[in-house]
Structure formats: structure tokens, C-alpha cells
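Right, one structure below, let's go through it.
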Amino acid sequence: MPTEQAPPTLAFTPRERRLIARLRTPAEVQRFLNALPYNTEPPPGRATLRSFRGVMRHQSAHCLEAVLTAAVVLEQHGYPPLALSFESVDELDHVLFVYQHRGRWGSVARSRDPGLHGRKPVFRTTRALALSYVEPYIDFTGRITGHAVVDLRLLGRYNWRLSERNVWKVERVLLECPHRPIHTPDHRIDRWRARYRLFMERFPDWKPMFFKGQERWSELPAQFQRARGRGETRRVSSSTAARRRP
């Protein structure tokens, strides 16, 4: 069992303490992360994996940096630092912070795709939560093949919370952790992929929003809240149209 304790309050800077005091719930953390620019990494800069302290300094985050930020903030409010890792057939994986509320599971997440953000705590199991991401994960190459929940306290004294450097060990631990398989019928994947391709041919600078179950999604970033037509699509700028699942 993990034994590493959360850092004491004095380990944080005054600015960090103020943010932690303000963000007391997963919904508030999701809203904070939504407002940050997405860290696109290269190009033009180098790849990063910043701790919570690094995210605070640079004021941007990609999906795993968002997970570390959520884990550090919510750990101070009694939530275990749990990450749910996805494996994809194209090796472009995704990571969520997951938590329980009244016995149900929810998530906090950041992505370039609206369907890969957080979920409300309405799922009976982490597997049921993971399955809610299978359809939105489909693009030209993506397909979820497995998932795993990792308690970040297993990293022991490794300073993934407040390091001034990149914390690549976190990524290695997630990649090496055994993932439970998720099997989806090929005919369903083929249908969803064909729909995605058709949509992108018609609307190359848009993101699809034709997925079921959106009532279970958490609040989305502002760029995904400008509905078009009958609410089935939402436009984003061409600079963020490329898909990336760190």
C-alpha cells in the first residue's frame, strides 16, 4: 500500500497555497485547468513534463501535467492522487486524474479534444468511466486498448509534486504499469472512424461533438462551448485542430 504522505502546507509557496485554498473540488480544478493554455510542447520548444510547481510557473499544461496539478491540489483536500492511464493502438496515450464522490467515479482532464476532458462522478467503476472515453477517442488512428489506475504515491520520495525539473519518471511508471484490456468490436470502431473521417473532410478546422453521454461530461474549455448548427459540432481555431494525446 502507498505510504508517501502529501506535502505539508509550508512546502508550498504563498501563491501555490492561495490557489490550493481556492480550488477545493474537482469541478473547480477542472475549471482552472480549462482556463490555462494547452501546452503544445514541440514544436517550437522541447518536450516537457512539469510538476504542479512548473505548471504554476509557466501557466500552461498538457494532459499529464494537468493530472499532476489536479493530484497535488486535490490531495491537499483529502483526495488520493490517482491517475487513470489509457493505452491506444497508435501509442498516443491519454491520462486522467480520477476520484470518488459518494461512491461514484469521476475525472479531471485536459486535452485538445472536447470528448477527452473530465467526467462528472456518476460512474460505478473506473472501468465504466474508462469506457465513456472509447468513442470520443476515435480519430484517424486512435483506439483505446487498455486502461490502468495508478496511485502516484507509489513513486515514494520521487518529487513529482514540486520538482523544478521535468518529472519523466511519472510517464515511465504509467507506461510500464500493466493495463487491463478494453475490447471494442471492430465493426463499431470502423463505423466511428468512418464518421470521424467524413466529418473532418467536411469541417477540417472543427472538432466533432456528436457523441452520446455528454450530460456526464464536466465543464469544457471556452473554445469548445461555441456550438454550431444543432449542437453537433463546435469550432476551434486551426492552430489547435491537430490531435495530440500525451
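Bear in mind the structure is a predicted one, so any value in this text is a computation, not a measurement. Computed from heavy atoms alone, side chains included, the values below leave out hydrogens, waters and symmetry copies.
A ring pair (Phe, Tyr, Trp, His ring centres under 6.0 Å) with Phe199 is found for one member of Trp192, Trp206, Phe140, Phe210 and no other, namely Phe210.
Asn39 has its side chain out of reach of His58: every pair of non-hydrogen atoms, C-beta onward, lies at least 4.5 Å apart. With contacts defined as side-chain heavy-atom distances shorter than 4.5 Å, the pair Pro221/His117 qualifies.
Residues meeting the side chain to side chain donor-acceptor pair (under 3.5 Å) test with Glu164, sequence neighbours left out: Arg57. Here Glu215 pairs with nothing under the salt bridge (Lys or Arg N to Asp or Glu O under 4.0 Å) rule; sequence neighbours left out. Remark: Arg193 engages no residue in a salt bridge (Lys or Arg N to Asp or Glu O under 4.0 Å) (not counting sequence neighbours). For the side chain to side chain contact (heavy atoms under 4.5 Å, CB included) test, residues two or more places apart in sequence or in another chain that qualify with Ala71 are Pro81, Phe97, Leu152, Trp160. Shown here are the salt bridge (Lys or Arg N to Asp or Glu O under 4.0 Å) partners of Glu87, two or more places apart in sequence or in another chain: there are none. Residues meeting the salt bridge (Lys or Arg N to Asp or Glu O under 4.0 Å) test with Asp151, sequence neighbours left out: Arg153. Every residue meeting the side chain to side chain donor-acceptor pair (under 3.5 Å) condition with Ser85, not counting sequence neighbours, appears here in chain and number order: His179. Applying the ring pair (Phe, Tyr, Trp, His ring centres under 6.0 Å) test to His147 and every residue at least two apart in sequence or in another chain returns nothing.
Judged as a salt bridge (charged side-chain N to carboxylate O under 4.0 Å, His left out), the pairs with a partner in residues 9-32 (not counting sequence neighbours) are, in order, Glu16-Arg53, Arg31-Glu219. Within the structure, side chain to side chain donor-acceptor pair (under 3.5 Å) pairs that include any residue of residues 98-109 comprise Ser107-Tyr133 (at least two apart or interchain). Listed by first and then second residue, the salt bridge (charged side-chain N to carboxylate O under 4.0 Å, His left out) pairs that reach into residues 58-83 are Glu75-Arg161, sequence neighbours excluded. Among residues at least two apart or in separate chains, salt bridge (charged side-chain N to carboxylate O under 4.0 Å, His left out) pairs with a member in residues 177-191 are Arg143-Asp186.
Between the side chain of His62 and the backbone N or O of Thr48 there is at least one donor-acceptor pair closer than 3.5 Å. Side chain of His77 to main chain of Pro26: no donor-acceptor pair is present (N/O by atom type, distance under 3.5 Å, no hydrogens or angles).
Contact between Cys63 and Arg110 at its shortest, heavy atoms only, is CB-O, 3.2 Å. Residues Ala66 and Leu33 share a closest heavy-atom pair of O-CD1, 3.8 Å.
Separation of atoms CG (Leu23) and OG1 (Thr69) is listed at 10.5 Å; rounding is to 0.5 Å. With rounding to the nearest 0.5 angstrom, the CH2 atom of Trp217 is 6.0 Å from the CZ atom of Arg119. Rounding to the nearest 0.5 Å places CZ of Phe203 at 11.5 Å from CG of Asp205. The CD atom of Gln30 sits 8.0 Å away from atom CG of Leu220, with the distance rounded to the nearest 0.5 Å. In this structure, Leu174 CG and Leu64 CG are separated by 6.0 Å, a value rounded to the nearest 0.5 Å. The line from CD of Gln76 to CD1 of Ile20 is 5.0 Å long, rounded to the nearest 0.5 Å.
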Evaluation steps, side chain to side chain contact (heavy atoms under 4.5 Å, CB included), between Met56 and Val72: CA-CA 12 Å; Met56 286 291 292; Val72 171; over 6 Å; no

Intermediate values then yes/no, side chain to side chain contact (heavy atoms under 4.5 Å, CB included), Ile138 and Ile189: CA-CA 8 Å; Ile138 297 298; Ile189 297 296; 3.7 Å; yes

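Both Trp168 and Val170 are members of a single hydrophobic cluster when ILVMFWY side chains are connected at heavy-atom separations under 4.5 Å.
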